[in-house]
Structure formats: C-alpha cells, structure tokens
Protein chains: 2
Amino acid sequence: MRKVVSSGQPTIKEIAKRLNISVSTVSRALHDHHSIGLRTKARVQQLAAELGYERNQTAIFFQQGKTFTIGILLPELSEAFFSSAISGIEDTAYSNNYTVLLGQSHDDEAREKQIIQSFKQHRVDGCIVSIGKNTSNYDHFEMLRQAKIPVVFFDRIPDLPNIHSVSCNLESGTVQAVDFLLKKGHRCIGMINGPEQLMASKERAAGYIRALGKHRLKYDPELIVNADLTAAGTDAAMQHLLTLKRKVTAVVTFNDYVAMDAVQYALKQKLEINKDITFVSYANTPVSSYTAFPPAASVEQFPYEQGQAATNMLLDILNGTLPLNDYQQRIMESQLVLHT
Amino acid sequence: MRKVVSSGQPTIKEIAKRLNISVSTVSRALHDHHSIGLRTKARVQQLAAELGYERNQTAIFFQQGKTFTIGILLPELSEAFFSSAISGIEDTAYSNNYTVLLGQSHDDEAREKQIIQSFKQHRVDGCIVSIGKNTSNYDHFEMLRQAKIPVVFFDRIPDLPNIHSVSCNLESGTVQAVDFLLKKGHRCIGMINGPEQLMASKERAAGYIRALGKHRLKYDPELIVNADLTAAGTDAAMQHLLTLKRKVTAVVTFNDYVAMDAVQYALKQKLEINKDITFVSYANTPVSSYTAFPPAASVEQFPYEQGQAATNMLLDILNGTLPLNDYQQRIMESQLVLHT
DNA sequence: GCCAATTACGCAAACGCTTGCGTGGTTAAC
DNA sequence: GTTAACCACGCAAGCGTTTGCGTAATTGGC
C-alpha cells in the first residue's frame, strides 16, 4: 500500500508507540479523560508538546461527521453590503469556534448550484446564503434540506415556504423614507425599484404604497418603475419618471449606486438636487456621505448585524437550541438616517 | 460501537451491497476506471444517481491528506481593498476547484495566530495572508513552514527572508502621480502620508522623492507630513501644508478617504478644487468617481488582480510547478488613472 | 478478609474511501 | 496448444481518531 502523503506530522499513534501505551490511552489523555492516571496524562501531554503534535482535524471531521464549518454563499464578495455581512458572520462564527467556507455566485444560478454542491460535499454543518438575482430554481436548497443541512437565508431570501431567514424589514424603512418626503411637502414621489421578482423590490413597493395610504394619498403605479440596477437602466427609469405629466419632485432609489447614477442623470437635465428633485436611498456604501449630492436620507440595513443574527440563528439550530423544523423569519428593523 | 452520526447519506458501501459487488468496484466505477466493465459501470452510476449518492469529501480529504482548501487571512473583510482581493482569490480558487476558508484578524496578533492555528488544524493545502498592522512576531508562520504548508503573503507582507509574496509597487505609482502633477506645472506638491513605520508609507515617500529627483527638483521634507488617517489628522496635515511660506498647489493623499477629508478641509478654506489646489490619491474605494470633487487622478492598486496573482502563485506551488523553496516576490505595478 | 467500587489502561471496531495486488476467465498471437 | 496479454472484479490494508466494553489491579467499607 502506497503511503499517499507523508505529512510528517506526528500522530497519536506515534506518541503511543514512543510511550509504549495504547492509542486510546493517548487520545483520552489528550482529552483529559478522568480514567487516565495523572502520571500518564502528564507524560502524554508533555511528549505531545515536544513533538508539536496537532490533531488531524480532517480525521476528526470524518470520524465525527461534523466539521464545525459553515458555508456562506453570497452574490458578490466585494460589495460593501455583503462584505460587512461577511465580517459579521466571520466574527460570530469565530467566537463560537466555527470556521467559514466562502463562495460567491456572481448572480449566476449555475455557479450557485455548484457552490452549494461543493459545500454539501465538504459536509458543512450549515449554510448561510443570499441568493442570486435571477435564481428561480431552488432544487439545490431542496437537496440541502434532504441532507438535513440547515440553511439560513439572508438578505436576499427566496420565495419558499418553510425556511429560516434573517432579513431587513425594508417595508418599514421605506415607510419612514416616504413619510420623510411627504412631510417635506413632496406629493409626487417616484421610485426606482429593483427587479420585480426580488423580495427586496416587493417590500420597497409595499412600503411606498403603505406610506401613501397612511397619508390618504392615491397610489399611481406609473411612479414605481422596475429597473435592472445598471446605469443604463437607471437612466431609462429617470427618463420615464421625468416625462410624466405630473412633476416628480422626489425619487426613492433602490440603492446608493442607483442614487448616484440617478443624480448624474438629473444633473445632466439641469435639475438642481435637493431643490428641483430630492433623492432618498438605501444605504449600501460607506462613502455616499462624501459624494457631491448625497441622498437627503437613506435607509440603513445594518449588514454587519444581519450577518451576526443569521449566524446566531444557524448556530442555534446546530446546537439544537432551535429545532430544525421550527422555521423562523427574523426580520430586523431598518432605519432611516438623515444626511442633514 | 455507537454510530456517531446517521447522516442518512448513501455510501459507496450501500451501493455495493445492493448491487452485490465489492466497494472497490463501486469506487472504481464511479471514477470511470478502465478495469471496470461497461455494464457494471452503468449499473453503478445509475444506482448512484437514483440514491442521490454524493461522495463524502471529509473521508477523501482524510484519506488523501489533501483538502483542496486554502486559508485566507486578512485584517478586515469589510474593507473595500480586501474585499476586492477576496473576490479575486475566490474566483481563481473556484476555477481551480479549490475552496476558500476565511478568517479576519482585525489587526489583532493573538487572533491572527489562532486563525493560522485553526487553518493548520484544518489541514489547508496553503494560505494567503495579509498580516496585521502590529504583528511583530512571526512564529505562527514559522510553524506553517515547518508543517510544509506554503504561504503567499499579500499586500501587507512581513519583513522576513525567504517568503513568497505578491504586492503592489506603490513607489512607481507615486512617481507617476507626482510626474503627472509636475507636468501640469505644479512645483510645490504636498503629501499627506500614512504612519511612518508602514511599508506603504515608505514606498509613497520614496516615489515622491524619486519623482522630484527625476526633474532635478529639490526635496523639501516639510512637504511630506505623516498623518494618522483620521479626519482630524488629515485636517491637521492640511493646515500644516497650507500655512507653509511656499504655496502648496497640489497634494498627494494616502488614500481616497484622506483625499475626501482633505477636500472638505480645502473647501472650508474657500479654496477652489482643481484650480487653487489639486489632489491625487490612491484608489481604495469604487465610488470616489461619484464624489463632488474626485481626485484629479489616483493610483490604482488592482486588489482583485493582486488576489488572483497571489492565488495563482499558491496554486503553482501546490501543483509543484513552482518549488516551495523557490521564493518569489511578485511586485505588481500600480498605475495612475486619470479622472479627467 | 470478602465484595464492591474505583482506577488505569488496552482492544478493536467504526467512520468512507482509495488503491496495490491477486485471481480467475476470455481472447489473440504464433 | 502454449504463452502472453487483457479484461473484470474482489480482498484487504490503511488514513487518524474516538469510544464502548473488557479487564486487571488497587482501594475502601464492613
């Protein structure tokens, strides 16, 4: 039999041989088991230290069927929102002795499936995932369910029954945002929303409509336009809004990038920001306050905290604190932040 | 013997039993081994598909002594520079069938050591690391070396002999930046640099001085000020520069955030940007182009590409293409990008 | 001084998979 | 008809660790 690898790392067996005791004794000594004599324990531990023994996690993972690893799948690692979330996830995973496996889907459904597959093969204990923009088939998550690998969806959550999720209540934040604009006297408020099928888009729209209702104002469907979040899409949306008969004096944009593109467009149309037209956005970049015309206010979604919350929920499931089939949808409150 | 886990996942053994053949045959059939008959192969593969068989990677990792996993340790996952780098790393790892394990040190040396320890126990095949600001002891990396786990340092590289590294030559970028300003006619150029001990600061200063030398200009030490990267520090630095007898008409700032703070300060002093004073910066945020007064130009460091390069170097080592002891320091060129 | 409890350790199986080698059986070459 | 080559498959070891159970030896209670 060929020895595949000679990592050179000392093993428990090595220690046993040198000390002329059995491997089980060594294993127990290393775990401070009560049935091992103090002398033996000391001898084992000392030799282990001398040899620089380190347990082979891969062996333990295999033997225990548990990896203390969670897979985290996000659309884009470099987006500020997600990178803050990763930070929150890693921090809480770390302090609970879990490790984090990472994958980015780039909003590509096929790649998303492959990564989930890879996570599953890696036998991760659980997953945290934010689905891609155009993911419409959820077979891969069904597989995870069958494999009894818990998943906590996060931010971009699929429209599925019986799932765990952590998300931000964008509806309430949107209500706050629209309220804010209404109180400032705006009566014709446009909204550049995201792709229709996105939950995030639905919530924004719902908040928008609810806020109008609160103030007994009629909702004009033409004022909400679904865009694709590209600069071109935003331009088209702006063009649509600015050519309506009623004059749009404020716009709620899907996120900061859209806001900035929209601002650029407005400037090209010789509009004066915060006078002719006011923008409110959803925060996803730390530097929007530095921009020339930052949105008058923005809805903060606390990505770091969402990451923490999702991880905690997953850990609760893994610990058995939270039953796997007790599906929880934790909805965190978003909050409108004024940019004076 | 207690069955620790009953994951329910079908195993190779299960398939063998059902088909009344040996596990080895099943294994080979699944690997499309030539010594297995077509009929058996088909039967095995079909049953495997039916059962939803999936190989247990943890078993394979353990058996093979290789995990196809690389550990990546960074100071702060949520910083734009690093999150782009992660993105580049994940992408190239993914396309080479490697998976990425993640850890952030928060510039805490103890945590850095723990994460490296964890990576080692996970038996990662290799590591990519950017060290913490105040890491001064390198024992943990020495351990990796002894365990024959290759490391590629990246961006923030330690002052050690015999290491692999990928970093960006900020000196050349700085020369370009100062060149640019000189060609525009500026003769009194200030620099708001970072903390003195940082390699990054030294390179910037060196580039500044070299560029002046190229043009046979005298270097005035008063024009380079070391700041702490906070808004207050930047204000103080600006104040210093603006009260010199010679009139500073351009400033090179440590990064985009400093630039934006400096711009704010200049505006408060009723200076006109790009007329009374011009800024050049080092890119570390994707949105600086949206700001009111973006720097006239900035030195791009290509974090995504650096991440790719580091990963490729690591993969070359793992493939044996690049000998482990053939230490390479890849220095990528930074590049001045004009923001017209 | 006898039985029970406790202490201190070893045996061996099991986790799932890969792989070198062995072994019949068939085919082809001369 | 003998030999060689090849085909198709099984055996079993081994990767490092954990753990239920068995077993001596020691101790303590009465």
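A note on names: the letters A, B, ... follow the listed sequences, proteins ahead of strands, and every chain is numbered from 1.
Residue contacts shown for A/Phe61 are absent, as no nucleic acid heavy atom lies under 4.0 Å away.
Using a 3.5 Å distance cut-off with no hydrogens or angles, the side chains of B/His122 and B/Thr67 do not pair a donor with an acceptor. A donor and an acceptor atom, one from each side chain of A/Asp91 and A/Gln308, are nowhere located under 3.5 Å apart. Remark: the A/Ser84 side chain and the A/Ser87 side chain contain no N/O donor-acceptor pair separated by less than 3.5 Å. A donor-acceptor contact closer than 3.5 angstrom is absent between the side chains of B/His140 and B/Gln117.
Remark: A/Arg111 qualifies as a cation-pi partner of B/Tyr94 under the 6.0 Å distance and 45° angle criteria applied to the six-membered ring.
One distance of note links CG of A/Asn20 with OG1 of A/Thr25; it measures 11.5 Å at 0.5 Å rounding.
Atom NE2 of A/His33 and atom P of C/dT7 are 12 Å apart (whole Å). Spacing between atom CD of B/Gln9 and atom C1' of C/dG16 amounts to 12 Å, rounded to whole angstrom units. One interatomic measurement links the two molecules: NZ of A/Lys13 to P of D/dG14, which rounds to 8 Å at whole-angstrom precision. The nearest whole Å value for the distance from the CD1 atom in A/Ile15 to the C1' atom in D/dG16 is 12 Å. We find that CD of A/Glu54 is positioned 15 Å from P of D/dG16, with the value rounded to whole Å. In this entry the distance linking CD1 of A/Ile60 with P of D/dT19 reads 10 Å, nearest Å. For B/Gln63 and C/dT19, the CD to P distance is 6 Å, given to the nearest whole Å. Computed from coordinates, the A/Asp32 CG to C/dA8 P distance equals 13 Å when rounded to whole Å.
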Walk me through it: do A/Phe141 and A/Phe153 pass the test ring-ring contact (aromatic ring centres under 6.0 Å, His included)?
CA-CA 10 Å; A/Phe141 300 124; A/Phe153 290 98; 4.9 Å; yes

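For the side-chain contact (heavy atoms from CB on, under 4.5 Å) criterion with A/Gln104, the lone passing option out of A/Leu73, A/Leu74, A/Ile72, A/Leu77 is A/Leu77.
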Only Watson-Crick and G-U wobble pairs with both distances less than 3.5 Å should count. Give DNA chain D in dot-bracket notation, marking inter-strand partners with |.
||||||||||||||||||||||||||||||

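Of the candidates C/dT18, C/dG16, C/dC15, C/dG16 carries the atom nearest the B/Ala59 side chain, counting heavy atoms from C-beta on.
By the stacking rule of 5.5 Å between ring centres and under 30° between planes, B/Phe62 stacks on the base of D/dC15.
Looking only at distances, a side-chain donor or acceptor of A/Asn56 sits under 3.5 Å from a matching main-chain atom of A/Thr58.
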Distances under 3.5 Å between protein N/O atoms and the N/O atoms of nucleotides 7-11 of chain D, please, pair by pair.
residue: D/dC9; atom: OP1; partner: B/Thr40; partner atom: OG1; Å: 2.5
residue: D/dC9; atom: OP2; partner: B/Gly37; partner atom: N; Å: 2.6
residue: D/dC9; atom: OP2; partner: B/Thr40; partner atom: OG1; Å: 2.5
residue: D/dG10; atom: OP1; partner: B/Ser22; partner atom: N; Å: 3.4
residue: D/dG10; atom: OP2; partner: B/Ser22; partner atom: N; Å: 3.0
residue: D/dG10; atom: OP2; partner: B/Ser22; partner atom: OG; Å: 3.0
residue: D/dG10; atom: OP2; partner: B/Thr25; partner atom: OG1; Å: 2.3
residue: D/dG10; atom: O6; partner: B/Arg28; partner atom: NH2; Å: 2.7
residue: D/dC11; atom: N4; partner: B/Ser24; partner atom: OG; Å: 2.9
residue: D/dC11; atom: N4; partner: B/Arg28; partner atom: NH2; Å: 3.4

